[in-house]
Amino acid sequence: MDSQIEEIKSKLNVLDVVGGYVKLTKTGVNYRGICPFHSEKGPSFFVSPSRQMWKCFGCGKGGDIFEFIKEIEGIEFGDALRLLANKAGIELKKENPKVVSERKRLYEICDLSCSFFEKQLGNSAYGKEAKDYLLKRGINEDSIKKWRLGYSPDTWQGLSDFLVGRGYAREEIVKAGLAVQPASRQGGSEKGNNPYDRFRGRIIFPIFDLNSQVIGFGARVFKDADKKETAKYINTPQTLLYDKSNILYGLNFAKVAVRKKNQCVLTEGYTDAIMCHQAGFDNTVAVSGTALTPRHLNILKRYSDNLLLSFDMDVAGDTATKKGINLAESQGFNIKIADTYAGAKDPAEIILENPGNWEQSVKNARAIMEFYFDSTFAKFDKKDPKGKKEIGKIILPAIKRLQNKIEQSHWVQKLSEKLGVSQEAVLAELKSIKEESVYSNVLLNTRIAEIKDVLPAGRKKLLEDKIVSLVLRDPGNLNLIEESHHCFFCDKTKNLIENMKKNSNDPTAVLASISKEELDGLSLMAEVDYQDDGPDEIQLCLSQLKDIELRNKLVDLSKSVKLESDEQKREELIKEFSQKAKELHQV
Ligand code: ZN
């Protein structure tokens, strides 16, 4: 295993691997670019070919090619290994069976099943009907192939028997989510006691991970779709491979285009995503079987900050969709809503009718606030006092959520004009919206996400490293670090600094105690002309570390708020949170 990792590393250059995702320019012996892992304007992301490593001096992330692929593709080490082995043209030897076998066998089961379903589509009489259904919906042969669409025959054990014939145990098939274990008392029915196939008589949409490996399935009825007792869609339940809260359907095909176009179009259905890609809108993904989750947003954030939603959304409802959108909004995503015209057609239907219409919808997408205004004013009568009240109830919290005061005042003005009431009245009403409703749990989560976001995990470590590297350049800087600062450091840095103070005549002697990777990081940091050395820089680092302390306290505080059930105590905690948050901006 280790030797294969080394072999892959020897065949692939960090410059080529990283360069496939990030635009790099040469600076001295190193290369620099805009970090793909945090949002920044100036490039603080460096690649060192001589050390075969990358490092961002903005967010602190760094490592070798494996770390990079894991991070940027959002995958685990095993998958990164497979991906890079493939790129290097190396066939992986049998991996440690204990570690990988279960996951690997589930991948195999999913892939085999996918091929099985693909073969059935168009094969039997029903399979033909299934295919005709897809073609009629406008999905062409190329798309059927690309998305590996299939048909699951209407039998209880067809797939299971096929997989057992290939050497897989029935319980593994259950674990992959493809078969269902009947409750023990159900024996004697036509299903028998054996697990039975989960998907029967349905059109199959395989669900891929970011490497286009099949990890689950969505299945749709296409005959008697109106029968009430059958669910139109069913999906693979949570398995070792599949978790709907972090899967965006089609992102494997869309990720490059999303980055390139710096926008991600979100739809609700599998067919929407497929039809959009077919029509050339290849930056489209579908959120399927669930609302937008914080994990989805974290994944999307890696690719683009701009979301274009084509959901059917009820502005007045307190729906999961709306919560997801609020969440995205307060995480700093720029959100637009596609203009799906009357009849509430979905993107697939619009494209089937005329792809040009969808292009128009995307072009005419409205900013989220515009959308709130348009749909709320369409829903209530603005002349009626009751209607005015209802409109305010929906729009004011959205305005209150805006972080920017100028933007806020713009919408206050607009609301007062449209309602025909004074701005003072709108402002008074805005003020009266309790902070509590703004700090609902969802938003509190967001504040935490925000705090963490400004503050990627590696930032603290990076600041500590920076201080160490500045001391290494000029041992005189050591005097600037006072005893009271030591509490900002992790134990390791604290020891290092204390040791350096003891050996102040030769602080570099202390370096013998740290690992090669760390030394590489510190040397690269000292090498690139990224920072001013000197007292100011150290002071800046120290004050930023203090800031981090404060943020950590805020995170703890917000956790207590969520756990507190007593209304009054909760409000006190929220007050404390707000005060501390203000302090933060003064640091
Ligand atoms: Zn970064």
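For clarity, every value in this text was computed on a predicted model and none was experimentally measured. When a ligand or atom number is given, it counts from 1 through the structure's own listing order.
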Can a salt bridge be assigned to the pair [X] and [Y] using a cut-off of 4.0 Å between side-chain N and carboxylate O?
{"X": "Asp556", "Y": "Lys553", "answer": "no"}
{"X": "Lys261", "Y": "Asp282", "answer": "yes"}
{"X": "Lys494", "Y": "Glu498", "answer": "no"}

inquiry  = Is it the case that the side chains of Asp305 and Asn334 hold a donor-acceptor pair, with the cut-off being a distance below 3.5 Å and no angle test?
reply    =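 Result is no, nothing qualifies.
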task = Go around the Zn ion (ligand 1) and count every protein N, O or S atom nearer than 2.8 Å.
result =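 Every protein N, O or S atom under 2.8 Å from the Zn ion (ligand 1) counted, the figure is 4.
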Ring centroid separation Trp54 to Phe37 under 6.0 Å =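 They qualify: ring centres under 6.0 Å apart.
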query = Looking at Trp147 versus Phe205, is the centre-to-centre ring distance below 6.0 Å?
reply =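 No.
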